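Before any comments, here is the structure.
A quick note: this is a predicted structure, and the numbers were derived from the prediction, not measured.
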Number of protein chains: 2
Amino acid sequence: MHAALLDHIQKFITLNSEEINILESNITLSKVKKKEHLLKEGQVCNTMYFVTKGCARQYIINPKGTEQTLQFAIENWWITDYLSYHNNTPSHFYIQTVENCEIVVLEKNVLESLLIQIPKLERYFKIVSQKSFGAAQMRIKFLFTMSAEERYNHFKNQQPDFVQRVPQYMLASYLDFSAEFMSKIRAGKV
Amino acid sequence: MHAALLDHIQKFITLNSEEINILESNITLSKVKKKEHLLKEGQVCNTMYFVTKGCARQYIINPKGTEQTLQFAIENWWITDYLSYHNNTPSHFYIQTVENCEIVVLEKNVLESLLIQIPKLERYFKIVSQKSFGAAQMRIKFLFTMSAEERYNHFKNQQPDFVQRVPQYMLASYLDFSAEFMSKIRAGKV
DNA sequence: TGAATTTCTTGAAGCAGTTCAAGTTTTTTA
DNA sequence: TAAAAAACTTGAACTGCTTCAAGAAATTCA
């Protein structure tokens, strides 16, 4: 059912059967249709989302009114706005499903009670967020050092199937160039 | 002595006096001269650094041979390469002091033993890294939506003193534009 | 203090990627 | 399955920023 999250947790820490029971009774899987919003700009984010099926994204609407995707979350990724979550401040971001999804929706109060019952989970979330931060640093490195075409090819090599899964304009904005330019890169017209 | 780190930890979790003793006996403060390297590209990063005085930075050398700063760490910031640290892979980054510094140097084996003795520390590091990740997301947002001049002005408003503390070319690369362009922005010649 | 090094400045030429506008293709939905 | 909506393509004009080169200013250190 939500075996995916249990499996993911157990990649990083060891759970006994009691702890597994606690988790199973506190965690539910939600089906979310394509293009639904999990978070909108201006809302305080009180929830963490773990994608077990499908794809979600975090995006902003820039001053020109265009959407720009900052992050994708596919199977086995957490997505949330940690700043809004920790500081109880309005979020700068939208979080939206890109495909029909199955998502573990974990409210702050539920999570905090789980963390008290199973303190080991702190370690799990520590490792996950440290790795995410490391990935964000690499992302900034690529944005800084590669041309638009290099970023596209690099991404395509790393995630060959994913390129097919999302609209090209979303991927273009994630890689920080325009949809039109993406079209030219793909046609070899650069 | 290293009160700074204890204070920082106690902003997020509560420690009893025994735990404080354990920390005090395992943590030492190192003086590091300006421009010394804490990590070089290609090394595996086995250490976390907490800056209590001075300033350090994480940077890369891009294909043109120019340094580009990805992150600054001033007082009360942790700096490390989490991907290298967790995966035991060679780092893509340099970490270097920018000023004479006082730094808590925490080796992986010491940290792991501390985390066993004081499991609560997992929560501390979780919160710190989640906030760092949140900050990295905001950084990407600013890089995506603001012009070079806007990024400079925004940074100057947020961190007015810091602008004076580091060479302008380092700040320029952190904000993702050239040192020459920084010079023109500051002179109002844009 | 004086020499060496590092950092900052300036202008001119160039270009990687944007913007705009219009048309085409694909996907969704009633 | 037809109509509407969403996504993609193309070329032409444009621009924000880079690159290069050379000199000036500031900082470091013997």
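If you measure from atom OH of A/Tyr152 to atom C1' of C/dA16, you get 18 Å, rounded to the nearest angstrom. Between the CG atom of A/Asn62 and the C1' atom of C/dT19 there is a distance of 13 Å, given to the nearest Å. With rounding to whole Å, A/Phe144 atom CZ is found 15 Å from D/dT18 atom C1'. Rounding to whole angstrom units, CG of residue B/Asp176 and C1' of D/dC17 are separated by 10 Å. When rounded to the nearest whole Å, the span between CE of A/Met182 and P of C/dT18 equals 11 Å. Straight-line distance from the NZ atom of A/Lys189 to the P atom of D/dT9: 9 Å, rounded to whole Å. Taking atom CD of A/Gln168 as the reference point, atom P of C/dT24 lies 21 Å away to the nearest angstrom. Computed from coordinates, the A/Glu149 CD to C/dC15 P distance equals 16 Å when rounded to whole Å.
For A/Pro167, whose side chain is taken as the heavy atoms from C-beta onward, the closest listed nucleotide among D/dC8, C/dG11, C/dG17 is D/dC8. When distances are taken from the side chain of A/Ser183 to each of D/dT28, C/dG17, D/dC8, the shortest belongs to D/dC8. Checked against C/dT18, D/dT10, C/dT10, the side chain of B/Glu180 finds its nearest nucleotide in C/dT10. Side-chain proximity of A/Lys35 to C/dC8, D/dA7, C/dG17: nearest is D/dA7.
At a threshold of 4.0 angstrom between heavy atoms, the contacts of B/Phe177 are confined to the sugar-phosphate backbone, with no base atom among them. Across all strands, B/Tyr169 comes closer than 4.0 Å only to sugar-phosphate atoms, never to a base (heavy-atom distances).
Side-chain atoms of B/Thr97 come within 3.5 Å of backbone N or O of B/Lys33 as a donor-acceptor pair.
Mapping B/Met170 and B/Phe181 onto DNA chain C by nearest heavy atom places B/Met170 closer to the 5' end of the strand.
Taking only side-chain nitrogens and oxygens, A/Ser178 comes nearer than 4.0 Å to OP1 or OP2 of C/dT18. Between A/Lys64 and C/dT18 there is no side-chain polar atom (N or O) within less than 4.0 angstrom of OP1 or OP2. The shortest distance between the side-chain N/O atoms of A/Lys184 and the OP1/OP2 oxygens of D/dT9 is not below 4.0 Å.
The aromatic rings of A/His86 and A/Tyr82 lie parallel to each other, their planes meeting at an angle below 30°, with 60° marking the opposite boundary. Under the 30°/60° scheme for interplanar angles, the aromatic rings of B/His154 and B/Phe142 are found to be tilted.
Scanning both residues, B/Arg57 and B/Ile79, for their nearest heavy atoms gives C-CD1, 3.9 Å.
In this structure, a donor-acceptor pair under 3.5 Å is present between the side chains of B/Ser113 and B/Gln117.
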